[in-house]
**Student:** 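Here it is, the structure in full.
Chain identifiers are assigned alphabetically (A, B, ...) following the order of the sequence lines, protein sequences preceding nucleic acid strands; residue numbering begins at 1 within each chain.
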Amino acid sequence: MIPPAFEYARPADVDEAVRALADAGEEAKVLAGGQSLLPLLRLRLAFPELVVDVGRIAELRGVREDGDSLVIGAMTTHHDVIRDPLVRRHAGLLAAATATVADPAVRHRGTLGGSLAHADPAGDLPAVVLAMDGELVAQGPAGRRTIPARQFFVDYLQSALEPDELLVEVRLPKTDGWGFHYEKFHRVAQAWAIVGVAALVRRDNGRVAEARVGLTNMGTTPLRATATEEALAGAGDADAVARAAESAAVATQPSRDTSASPEYRAHLARVLAKRAVLAAAGMG
Amino acid sequence: MSDTVEREVGRARPRKEDARLVTGQTNWTDNIAVNGLLHLAILRSPMAHARIDHVNVTPALERPGVVAAFSGADLAEGLGSLPCAWPVTEDIVLPDHPPIATTEVRYAGDPVAVVVARDRYAAADALEAIEVDYTPLPPVLDLEAALAEDTVLVHSDKGTNRCYDWPLKTGEDFESVRQRADVTLKRRYHQQRLIPNAMEPRGVVVTPLAASGEYTLHSSTQIPHILRIMLAVVTGIPEHKLRVIAPDVGGGFGSKLQVYGEEAIALAVARRTGRPVKWTESRSEGYLATHHGRGMIQDIEIAANRDGTLLGLKVDLLVDMGAYLMLVTPGIPILGAFMYPGIYKMGSYELNVTGVFTTRTPTDAYRGAGRPEATYAIERIMDELAAELGLDPVELRRRNWIGHEEFPYTTIAGLTYDSGNYEAATEKALALFDYDKLRAEQADRNHRGDSVRLGLGVSTYTEMCGLAPSRVLRDLRYAAGGWEAATIRMLPTGKVEVVTGTSPHGQGHVTCWSQIAADVLGVPFEDVEVVHGDTQAAPQGMDTYGSRSLVVGGTAVHHAAVKVVEKARKIAAHLLEASEQDLEFTDGVFSVKGSPDARKTIQEVAFETFTSHDLPDGLVPTINAEHLVDPDNFSYPHGTHLCAVEVDTETGQTRIRSYVCVDDVGRVVNPLIVEGQVHGGLAQGIAQALYEEAVYDDQGNLVSGTMADYLVPSAPDLPEFTTDRTETPATSNPLGVKGVGEAGTIASTPAVVNAIVDALRPLGVRDVRMPCTPERVWQAVREASR
Amino acid sequence: MTRVSVKVDGTNYEDEVEPRLLLIHYLRDRLGLTGTPVGCDTSNCGACTVDLDGESVKSCSVLAVQADGGEVTTVQGLAGEDGEWTGLQRAFHERHALQCGYCTPGMIMAARDLLRDNPTPTSDEVRHALEGNLCRCTGYQNIVRAVLAASGQEVGT
């Protein structure tokens, strides 16, 4: 319950934050909303020498449009994401999935950027941003770079961010006109997802024209159910969707824990993929 | 009963306790601040079983703010073994239980070394500097393998992992019953380990007075009185020099019915340093260090005739003691031993309990303590028998339960149930549940092959509580009595102090004891205060556990109040110049029959004793009174619980659609509190059925080691309950009350699992192991369809 | 050490604190505001819920330095100056929504947050809003009733 000691910096802007990170090297941790970091510190599972609190950097908060994209500041809280009219209009899947994250008090503090940078495959938002073909913008000493979500999640709790980089914003292609659904399966309301499925479906003449399916907790990183996505193309009824969902667990490596075996997770991925796509396609 | 008795008892009084609790003016143990207070932190074994080769606390001493650090060996002198007060058999294996390990650790979490520092942060930091060398030893985890020859021993000096065998055999020989029965069924059920999870983590504060050798110990305990005696023995601090206070205590559920190593360690460290010491567990630490509940394998066999008439029952229990015997560890299954026959009549009963040592956190009392396990086994196998015989499960119960006209009834297990009406509770529950309509819907879903199945589960339970007649405890080899004490002090201004030996931690004793006393004394509810939980202010008591407080302690309050009235009557008679026989006492007023103007209130009498200006010769000037009650029987609440679940056969997810219970807890002192006790009990029983389990890996590490992994349900995970009551007064106490604290937990677990199995029975499922996780349900469906 | 300036329940405080000091420990150990308790170490139980700048937060999951310049309301700051309870406090009492009372400060603070956002929630909405607050005594039913009652809605008994 007692965090280990650390130095503390509270930069006023992104440049200052990046400098602080660069100076500290590997031993610094970014404190965003703190809803993942503080639990790790309290259980003494992390021992940073420096904590860089980016909570006061105003430029990291807020949502804006940029052409066909929505740009969400990394420090935008879950609470604000859920309620933001632009997110609700152009990235409904993100709003829906964010509403299932943890509980209201945690959502008041926790941030979109923090959740993504934490890169927990059991977190709900990595799979969502992956399904939305999002991009993550990082700033380092050399300036900004944009990392596609497909390349961002490297391994368990490991992102493509360098130690001296700060995640500054998340860019999501607008999904106006797409159906969406996040199907989260957990044993109690506040537990992590055993498996979650994020589905986006674009329909054409009552058939699935294009589908994107993200998987939560089916491997060491969030995954796309590529085989299912391909099989969904042209699906015109519930049976076709169900058949496509049969391949939802292909090329996944789900883990074993007290809540589920890999085999059961694979089964759930198939069932939940079916349900998520049916709901997203309005066929449910 | 006079009119006055009905005035407060039975009334839904919001609680007196709440005012402080809703405003944050609380006194939890961790809130206590004392000048010079040091914070104690405990280094615990990271391994289930290991030899301690070397402990070096010196590096910790160099950390800032650290005042002292001790290994187990450093503290061994002056610390005796932690007590087991319930050696259930003469030849029970009783291992030594040092509060802090010296040579060997026997569960992950066993204390190894301690530091005290100026604040909790410094103490936590210093803990990391302590060096310990271990030689790992193999863990002992499997209950059956632990009993094999040549196996690894938890306590090598004892030569066995078998703690005890406790047999019970009554009525006709079960073997002969088995021979002539039309049907016998044998099942194995697993009672998973549970972590009690009182919301307040445990804490201890010891304040020493070095000059006089006195110690005050605040602890988040259910049992300040028992704790004082036991800690005096463990630490050698004379009992009269040790004051134990249970301040505000945030729930217990049995987990604070204990004499913990940390309490002894804190005393030892305060004695060594001469400084006040505080220890507060973190939740994850508590998962290792606070005793667990349940943990047993049940083999149960039932014999019956084709018409459903029960003939007999045979039960074999393998019970996980954990690494050590704590206060009542071995006795927990014995509290259940008499309950396997439940509410049913039968002619043969055999049971054997085998206690087994393992390298896990010790087990002990958790809400219901032995009785939920028993109720689960009998209520589960009754459903299996009903299915086997093609009978409705309610009908099978009806054919076997004790009729309301048969009370008092002595069961095959030897208990005499004083009162009950199983028919009435069941009829009421069935009507509230709309049983027949749900059965019709179930048939329809089954017919359609719906992927979401409906299941109905019933549990008709009774339990023994209100612990306990002292002579029975003697026969069961429990080391203490089961009486309870109350004192009533009539203050000069007419206010009343009730001093109780019960020690509440959420139940609402202050409110209920006020109601009881107000009625007998005829004083306003608001004029009564209740003193508890401090061995100095309330010196005599047996504390709170086993749904005993109202039945035994509340009865003591009633009797003490009656004594006050009788004492006051003598004085009132003198003051009114009348004879005692001519006095009436109504609503707190003594009046002379026939001359209604001649009156004295009991408050006036109290003031007269204070001044003592005009009392009869030879009369002791007080109307204060105390009373001790030793109950002459247990209390037997009962009821019928009905649960409807929807089971998604694709995912294995269970959703409780409706839950109805009708409980009979005798006469009700406060309906609000009774309903609250039932709700909370249901939540914990349902949680055992669906969510909770202390999971260990094959090395003996607690895998469900934090609240993030051990699934305590929150509000969306539980249904709305429909609760109702029948009232069949107990005949064993003047209030007619029965215990209610554990009933909901005891009843609900089998109702839920019976419902799940009922939903899946058409698919071939006959059992699902608890907790009935989605994966287990899914696997059960899959295996049945193979 | 880092300097923090925080207003808690109407009183301004300035202190030097270690950056690692959790807000809950600042409240309890430094300010002596022990009305808010600690129930877990994994952010699950919600017992330590307080209001920080108008939003419910788990004060075990906020550093004291993060609250610098902010305004904290705890359960101890709810009652009026005359000691008059809020509607939620009254409803918790009247509906027997607490037993041991350890979760109560967090429950009340979480419920207060809900009613600010959603003045007339359904029973399901109340349950979901309280999903981050654990109670081991009540089975939640009376808590839900209390919150509904405090919102001015009719509640069965």
**Student:** Do the non-hydrogen side-chain atoms of C/C137 and B/F253 ever get within less than 4.5 Å of each other?
**Tutor:**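 Result yes, sub-4.5 Å side-chain heavy-atom pair found.
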
**Student:** Where on C/S43 is there a heavy atom nearer than 4.5 Å to chain B: the side chain, the backbone, both, or neither?
**Tutor:**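 For C/S43, neither part sits under 4.5 Å from chain B.
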
**Student:** Which bit of B/Q677 is near chain C, if near means a heavy-atom gap under 4.5 Å: side chain, backbone, both or neither?
**Tutor:**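 Answer is both: backbone and side chain atoms of B/Q677 are under 4.5 Å from chain C.
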
**Student:** Check whether any side-chain heavy atom of C/L134 lies under 4.5 Å from a side-chain heavy atom of B/M707, and answer yes or no.
**Tutor:**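 Sidechains of B/M707 and C/L134: in contact.
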
**Student:** May I ask you to name which of B/I686, B/L672, B/D709 has the most heavy-atom pairs under 4.5 Å with chain C?
**Tutor:**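 Looking at each option in turn, the highest pair count goes to B/L672.
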
**Student:** To the nearest 0.5 Å, what is the distance between CZ (C/R145) and NE2 (B/H679)?
**Tutor:**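 If I round to the nearest 0.5 Å, the distance is 5.0 Å.
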
**Student:** Which atoms of C/L21 come close to chain B, meaning under 4.5 Å heavy atom to heavy atom: side chain ones, backbone ones, both, or neither?
**Tutor:**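 Backbone plus side chain of C/L21, per the 4.5 Å heavy-atom cut-off to chain B.
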
**Student:** Identify which of B/A33, B/P713, B/G508 forms the greatest number of heavy-atom pairs closer than 4.5 Å to chain C.
**Tutor:**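 Option with the greatest count: B/P713.
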
**Student:** Evaluate the side-chain proximity of B/E720 to C/S123: yes if any heavy-atom separation is below 4.5 Å, no if none is.
**Tutor:**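 Of all side-chain heavy-atom pairs linking B/E720 with C/S123, at least one is under 4.5 Å.
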
**Student:** Could you tell me which of B/G251, B/A683, B/A687, B/G680 has the largest number of non-hydrogen atom pairs under 4.5 Å with chain C?
**Tutor:**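 Most pairs with chain C among the choices: B/G680.
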
**Student:** Check each atom of C/T104 against the heavy atoms of chain B and say whether the ones under 4.5 Å are side chain, backbone, both or neither.
**Tutor:**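 Just the side chain, heavy atoms under 4.5 Å.
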
**Student:** Atom NE2 of C/H25 and atom CG of B/D119: how far apart are they, to the nearest 0.5 Å?
**Tutor:**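 One gets 10.0 Å once the value is rounded to the nearest 0.5 Å.
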
**Student:** Does B/R657, at its CZ atom, have more than 12 non-hydrogen atoms belonging to other residues, nucleotides or ligands within less than 6.0 Å?
**Tutor:**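 Check passes, neighbour count above 12.
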
**Student:** Where on C/V38 is there a heavy atom nearer than 4.5 Å to chain B: the side chain, the backbone, both, or neither?
**Tutor:**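 It is the backbone, since no side chain atom gets that close.
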
**Student:** Begin with the C-alpha distance, continue with both residues' side-chain angles, and end with the deciding distance and a verdict on side chain to side chain contact (heavy atoms under 4.5 Å, CB included) for C/Q89 and B/T23.
**Tutor:** CA-CA 8 Å; C/Q89 287 170 311; B/T23 54; 3.8 Å; yes

**Student:** Heavy-atom cut-off 4.5 Å, strictly under: side chain, backbone, both or neither for B/R120 against chain C?
**Tutor:**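 For B/R120, the side chain is the part near chain C, not the backbone.
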
**Student:** Is B/E285 close to C/D41 at the side-chain level, that is, under 4.5 Å between some pair of heavy atoms?
**Tutor:**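 No, every pair of side-chain atoms sits at 4.5 Å or beyond.
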
**Student:** Heavy-atom pairs under 4.5 Å with chain C: which of B/S284, B/G286, B/S282 has the most?
**Tutor:**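 Looking at each of B/S284, B/G286, B/S282 in turn, B/S284 comes out on top.
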
**Student:** Checking C/R20 against chain B: side chain, backbone, both or neither under 4.5 Å from a heavy atom?
**Tutor:**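 Answer is both: backbone and side chain atoms of C/R20 are under 4.5 Å from chain B.
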
**Student:** Find the one option among C/R90, C/E131, C/E94 whose heavy-atom pairs under 4.5 Å with chain B are most numerous.
**Tutor:**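 If we count pairs closer than 4.5 Å to chain B, C/E131 comes out on top.
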
**Student:** Side chain, backbone, both or neither: which part of C/N133 has a heavy atom under 4.5 Å from chain B?
**Tutor:**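 The answer is the backbone of C/N133.
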
**Student:** Can you tell which part of B/P719 gets under 4.5 Å to a heavy atom of chain C, answering side chain, backbone, both or neither?
**Tutor:**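 Only the backbone of B/P719 comes within 4.5 Å of chain C.
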
**Student:** Please flag which part of B/L682 lies under 4.5 Å from any non-hydrogen atom of chain C: side chain, backbone, both or neither.
**Tutor:**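 Neither; nothing under 4.5 Å.
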
**Student:** Pick one of side chain, backbone, both or neither for C/Y140, based on which atoms fall under 4.5 Å of a heavy atom in chain B.
**Tutor:**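 For C/Y140, the side chain is the part near chain B, not the backbone.
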
**Student:** Can you tell me which residue among C/T86, C/V75, C/L88, C/L98 is in a side-chain contact (heavy atoms from CB on, under 4.5 Å) with B/V22?
**Tutor:**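 Running side-chain contact (heavy atoms from CB on, under 4.5 Å) over C/T86, C/V75, C/L88, C/L98 with B/V22 returns exactly one hit, C/L98.
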
**Student:** Can you tell if the side chain of C/T34 reaches within under 4.5 Å of the side chain of B/W28, non-hydrogen atoms only?
**Tutor:**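 With C-beta onward as the side chain, the pair stays apart.
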
**Student:** In terms of heavy-atom pairs under 4.5 Å with chain B, which of C/E18, C/R28, C/Q76 leads?
**Tutor:**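 Winner by heavy-atom pair count: C/R28.
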
**Student:** Which one wins on heavy-atom pair count under 4.5 Å against chain C: B/V678, B/N197, B/D248?
**Tutor:**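 Going by pairs under 4.5 Å, I would pick B/N197.
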
**Student:** Please classify the contact between C/I108 and chain B as side chain, backbone, both or neither, with a heavy-atom cut-off of under 4.5 Å.
**Tutor:**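 Looking at C/I108, just its side chain touches chain B.
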
**Student:** At a heavy-atom distance under 4.5 Å, which candidate from C/A97, C/G35, C/P37 has the highest pair count against chain B?
**Tutor:**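 Answer, by heavy-atom pair count under 4.5 Å with chain B: C/G35.
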
**Student:** Would you say the side chain of C/C100 lies within less than 4.5 Å of the side chain of B/H505, judging by non-hydrogen atoms?
**Tutor:**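 No, their side chains stay 4.5 Å or more apart.
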
**Student:** Let's test your reading of the structure: which of B/G250, B/P201, B/P716 forms the most heavy-atom pairs below 4.5 Å with chain C?
**Tutor:**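 Sorted descending by pairs with chain C, the first entry is B/P716.
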
**Student:** For the backbone of B/A715 and the side chain of C/R127, can you confirm whether one donor and one acceptor N or O come within less than 3.5 Å of each other?
**Tutor:**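 The answer is yes, because a donor-acceptor pair under 3.5 Å joins these two groups.
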
**Student:** Which pair of non-hydrogen atoms, one from B/E675 and one from C/N142, has the smallest distance, and what is that distance?
**Tutor:**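 Here B/E675 and C/N142 meet closest at OE1-OD1, 4.1 Å.
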
**Student:** Mark yes or no for whether C/R136, through its side chain, and B/A198, through its backbone, hold a donor-acceptor pair below 3.5 Å.
**Tutor:**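 Flag not set: sc C/R136 to bb B/A198 has no pair under 3.5 Å.
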
**Student:** Would you mind reporting whether B/E17 and C/Q99 have side-chain heavy atoms less than 4.5 Å apart?
**Tutor:**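 A side-chain contact under 4.5 Å is absent here.
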
**Student:** Are C/C45 and B/M199 packed together at the side-chain level, in the sense that at least one heavy-atom pair is separated by less than 4.5 angstrom?
**Tutor:**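 Of all side-chain heavy-atom pairs linking B/M199 with C/C45, at least one is under 4.5 Å.
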
**Student:** Against chain C, label B/V249 side chain, backbone, both or neither, depending on which of its atoms sit under 4.5 Å from a heavy atom there.
**Tutor:**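 For B/V249, the backbone is the part near chain C, not the side chain.
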
**Student:** Chain C heavy atoms under 4.5 Å from B/A19: which part of the residue, side chain, backbone, both or neither?
**Tutor:**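 Both backbone and side chain of B/A19 come within 4.5 Å of chain C.
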
**Student:** Are there over 12 heavy-atom neighbours, none belonging to B/N35, within less than 6.0 Å of that residue's CG?
**Tutor:**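 Open.
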
